[in-house]
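A quick write-up on the structure given underneath.
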Amino acid sequence: MTGGRGLLVHAMLALGAALFLLPVWLVFCAATQDVGAINRGEIALLPRRDGLSIFGDVLFGSGPAGADRPVWPMLALSFAMALAIAAGKIVVSVLSAYAVAFFRFPLRMVCFWVIFATLMLPVEVRIIPTFEVVAGLGLINSFGGLVVPLLASATATLLFRQAFLAVPDELMEAARMDGAGPWRFLTDILIPTSAANIAALFVILFVYGWNQYLWPLLVATHPAQETIVVGIVKMIGTESATEWNRVMAAAMLALLPPVLVVLAMQRWFVKGLTDGEK
Amino acid sequence: MSERRTIFPGWRLPLLLLAPQLLLTALFFLWPAAGAIEASLMRGDPFGLSARFVGLDNFTELFTDPLYLAAVGRTLLFCGAVSLLSLGLALVLAVLADSAIRGRAFYRTALIWPYAVAPVIAAVVWILLLHPQIGALPPLLSRLGIVWDYRLDGTQAMITVILASAWKQVSYNFIFFLAGLQSIPAAIVEAARMDGAGPLRRFWTILFPLLAPTTGFLVTVNIAYSAFETFGTIEALTQGGPAQATQTLVVKVYRDGVVNLDLGASSAQSVVLMAGVMLLTLLQFRLLRRRGDAI
């Protein structure tokens with residue numbers, strides 16, 4: 001590659017990276033501005049050092065007697081929800097993928113297609129009837145109502161099934177020779193050998209859970225059951241009275257956890273995502 | 001469908017293992033879907049006291065409603081623009097990142113993290129860029145003589161939600177395109193280079209055709225993304241306004257059903273959307289199978 005062309009490639013890539021980093025940097029700087037300046041449309045390219053306290057204010061509430069609601073309970077709820085969804089989906093799909101891949105039983109294909117059907121029914125297309133079922137179960141405004149309806153996952157099941165089909169027959173024969181039953185085989189051999197898949201899926205599902213908007217909006221009508229994503233949209237609320245610096249600070253706080261998870265587990269995540277679709 | 005040679009005997013344990021998944025699916029997927037189909041065939045009286053069977057009336061009404069047809073057209077435009085924009089940009093960036101010898105890991109990280117950005121957060125980011133009062137770009141646009149206010153101008157509102165939605169999806173597409181490019185044997189590209197093919201020619205005659213299965217798969221994923229997952233982005237930016245200019249089908253289902261409580265019409269819309277997703281999913285699996293993978 002000639003030097004000139006190499007330089008051009010780098011310049012364009014840097015431009016591409018800036019297209020994503022720069023706007024988020026502006027959000028960070030805007031959070032530290034005072035509310036008057038941001039409302040006059042003044043753009044900050046650098047953060048104001050004395051404005052950094054906004055993050056503490058937004059986290060723990062400010063104003064007389066905490067007039068502005070603190071966002072840390074929303075962050076905690078989002079975190080708990082994302083963790084529960086990721087862990088729950090992984091357990092449910094490992095078990096069902098194991099059943100489909102390692103056993104032959106009546107109606108196996110029917111079960112497989114029933115699971116597959118969940119792919120075709122995202123929550124956005126069945127908003128009201130799902131809400132009615134959850135209301136009927138008395139799960140409105142509860143943590144269970146937030147998490148349980150999102151636990152079934154065809155994608156995760158298909159991914160694990162694919163991984164399990166690739167487990168060498170010799171491994172299983174050896175395990176059976178050693179007297180390991182199906183349950184021992186799952187916990188002692190299959191799950192440890194699938195650790196990389198589980199890690200990758202954890203990232204994908206954590207991000208999925210953290211970023212949910214429509215379902216938490218429907219199922220949690222009580223302010224104490226608000227996730228950070230729902231809370232931010234409420235903060236934008238009525239245009240005229242929006243405190244934009246607080247909105248930007250809350251957005252930064254909401255952005256950080258899933259981005260950190262992706263960055264920390266990047267290697268497994270990329271491999272798992274692209275392998276999973278194969 | 002591929003199978004294992006070695007298996008465990010018995011049928012009680014596997015059914016037990018499948019029970020949680022099947023229960024969740026039946027309760028929160030199949031039952032509500034059946035409910036939506038049933039409600040789409042019924043119509044309630046104005047007081048909500050009783051409902052009677054009306055056959056396909058809700059659907060006939062839906063497909064003769066100019067507002068609904070406009071929303072269908074708008075959704076197609078929106079999905080097409082978001083997919084084209086995010087796929088195009090991701091492909092360019094992936095080809096560049098694949099050809100960069102130094103700093104490849106850095107660029108990859110710099111372009112992967114936006115995967116974690118929530119649709120709603122993408123909306124907040126674009127508010128800061130395009131909001132007529134606090135945005136960074138409208139002052140520059142006004143110097144060009146453009147009066148920018150997406151809260152009043154329908155076309156500008158559409159442009160805003162398209163940009164925000166596409167921005168969020170680029171990194172997902174980038175990950176897949178880069179993986180696709182890296183699986184192309186270097187020898188093929190090298191041979192073309194020896195034959196004197198320039199980079200553009202190499203792209204169109206070798207890389208692009210070899211990426212076709214990845215592209216096909218990503219097109220279906222992007223259409224599904226822009227049709228469904230952009231709900232948060234649109235709600236946070238425009239709530240479907242001004243005057244329904246950004247009301248896609250999912251926003252309309254939500255508005256009609258949850259906000260305006262018109263259950264029959266909303267259910268019929270849900271059923272139409274289900275049919276849409278079903279079609280997309282089947283298409284996606286045909287494309288996956290063409291990639292030579294066993295499902």
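To find a chain, count down the sequence lines: A is the first, B the second, and so on, and within it residues start at 1.
Heavy-atom pairs under 4.5 Å with chain A were tallied for B:Ala224, B:Gly276, B:Ser267, B:Ala118; the largest tally goes to B:Ala118. The greatest number of non-hydrogen atom pairs below 4.5 Å with chain A, out of B:Ile127, B:Val253, B:Leu280, is found for B:Ile127. When each of B:Phe228, B:Trp11, B:Phe174 is checked for heavy-atom pairs under 4.5 Å with chain A, B:Phe228 comes out on top. The most heavy-atom pairs under 4.5 Å with chain A, out of B:Ala227, B:Ala34, B:Pro199, B:Gly180, come from B:Pro199. Heavy-atom pairs under 4.5 Å with chain A were tallied for B:Leu27, B:Leu18, B:Leu16, B:Leu273; the largest tally goes to B:Leu18. In terms of heavy-atom pairs under 4.5 angstrom with chain A, the leader among B:Pro119, B:Gly35, B:Ala26, B:Ala136 is B:Ala136.
Within the 4.5 angstrom heavy-atom criterion, only side-chain atoms of B:Leu89, from C-beta onward, approach chain A. No part of B:Pro132 comes within reach of chain A, as not one of its non-hydrogen atoms sits under 4.5 angstrom from that chain. Proximity to chain B involves both the backbone and the side chain of A:Phe103, based on heavy atoms less than 4.5 angstrom apart. Of the atoms belonging to A:Leu95, heavy atoms from both backbone and side chain fall under 4.5 Å from chain B. Of the atoms belonging to A:Leu151, heavy atoms from both backbone and side chain fall under 4.5 Å from chain B. Heavy atoms closer than 4.5 Å to chain B are found nowhere in A:Ile228, neither backbone nor side chain. Using a 4.5 Å cut-off between heavy atoms, A:Val261 does not touch chain B at all. Contacts of A:Phe131 with chain B are absent, with no heavy-atom separation under 4.5 Å from either backbone or side chain. Proximity to chain B (any heavy atom under 4.5 Å) is restricted, for A:Val133, to the side chain, taken from C-beta onward. With a 4.5 angstrom heavy-atom cutoff, B:Leu15 touches chain A only via side-chain atoms. Both the backbone and the side chain of A:Leu13 come within contact range of chain B, with heavy atoms under 4.5 Å apart. In this structure, chain A has heavy atoms under 4.5 Å from both the backbone and the side chain of B:Leu93. Using a 4.5 Å cut-off between heavy atoms, A:Val262 contacts chain B through its side chain alone, with no backbone atom that close. Residue contact with chain B, scored on non-hydrogen atoms closer than 4.5 Å, involves the side chain of A:Leu263 exclusively. Heavy atoms closer than 4.5 Å to chain B are found in the side chain of A:Ala30, but not in its backbone. With a 4.5 Å cut-off on non-hydrogen atoms, B:Leu282 touches chain A through its side chain but not through its backbone. Contact annotation for A:Val230: neither backbone nor side-chain heavy atoms come within less than 4.5 Å of a heavy atom of chain B. Contact annotation for A:Leu217: only side-chain heavy atoms (C-beta onward) come within less than 4.5 Å of a heavy atom of chain B. Only the side chain of B:Leu129 comes within contact range of chain A, judged by heavy atoms closer than 4.5 Å. For a residue to count as touching a neighbouring chain, one of its non-hydrogen atoms must lie under 4.5 Å from one of that chain's; by this rule B:Leu22 touches chain A with the side chain only. Looking at A:Phe164, the atoms closer than 4.5 Å to chain B (heavy atoms on both sides) all sit in the backbone: N, CA, C or O. The part of B:Val120 that comes within reach of chain A is its side chain, from C-beta onward, which places non-hydrogen atoms under 4.5 angstrom from that chain.
By the 4.0 Å N-to-carboxylate-O rule, B:Glu235 lies close enough to B:Arg255 to be salt-bridged with it.
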Take B:Asp98 and B:Phe177 through the test side-chain contact (heavy atoms from CB on, under 4.5 Å) and record every step on the way to the result. CA-CA 10 Å; B:Asp98 188 49; B:Phe177 276 134; over 6 Å; no
A:Phe102/A:Phe185 under ring pair (Phe, Tyr, Trp, His ring centres under 6.0 Å): CA gap, chis, key distance, verdict: CA-CA 11 Å; A:Phe102 281 88; A:Phe185 181 69; 5.5 Å; yes
Decide side-chain contact (heavy atoms from CB on, under 4.5 Å) for B:Phe29 and A:Arg126; before the verdict, give the C-alpha distance in whole Å, the side-chain angles of both, and the deciding distance to 0.1 Å. CA-CA 8 Å; B:Phe29 288 82; A:Arg126 52 188 167 87; 3.2 Å; yes
Does the pair B:His131 and B:Trp126 meet the rule for a ring pair (Phe, Tyr, Trp, His ring centres under 6.0 Å), with working shown? CA-CA 8 Å; B:His131 192 279; B:Trp126 281 84; over 10 Å; no
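With a 4.5 Å cut-off on side-chain heavy atoms, A:Trp210 and A:Pro257 count as touching. At a threshold of 4.5 Å between non-hydrogen side-chain atoms, the residues A:Phe105 and B:Leu13 do not count as touching.
The closest side-chain donor-acceptor pair between B:Gln21 and A:Thr157 falls under 3.5 angstrom. When only modelled atom types and interatomic distance are considered, B:Gln169 and B:Ser86 share no side-chain donor-acceptor pair under 3.5 Å.
Aromatic ring orientation, B:Tyr254 versus B:Phe231: perpendicular (interplanar angle above 60°, classes split at 30° and 60°). Using cut-offs of 30° and 60° on the angle between ring planes, the pair A:Trp25 and A:Phe28 is tilted.
For A:Arg184, the CZ atom is loosely surrounded, since the number of other residues' heavy atoms within 6.0 Å does not exceed 12. In A:Met12, the CE atom is not crowded: 12 or fewer heavy atoms of neighbouring residues, nucleotides or ligands sit closer than 6.0 Å.
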With a 3.5 Å cut-off and sequence neighbours excluded, list the donor-acceptor pairs that the side chains of residues 107-116 of chain B form with protein atoms.
from, atom 1, to, atom 2, distance (Å)
B:Tyr107, OH, A:His10, ND1, 2.9
B:Thr109, OG1, A:Gln266, OE1, 3.4
B:Thr109, OG1, A:Gln266, NE2, 3.2
B:Thr109, OG1, B:Ala105, O, 3.0
B:Trp113, NE1, B:Ala110, O, 3.1

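Between the B:Thr75 side chain and the B:Leu249 main chain, a donor and an acceptor come within less than 3.5 Å of each other.
Evaluation of the side chain to side chain contact (heavy atoms under 4.5 Å, CB included) rule for B:Thr281 yields A:Phe116, A:Leu119, A:Met120, B:Val277, B:Phe285 as partners, not counting sequence neighbours.
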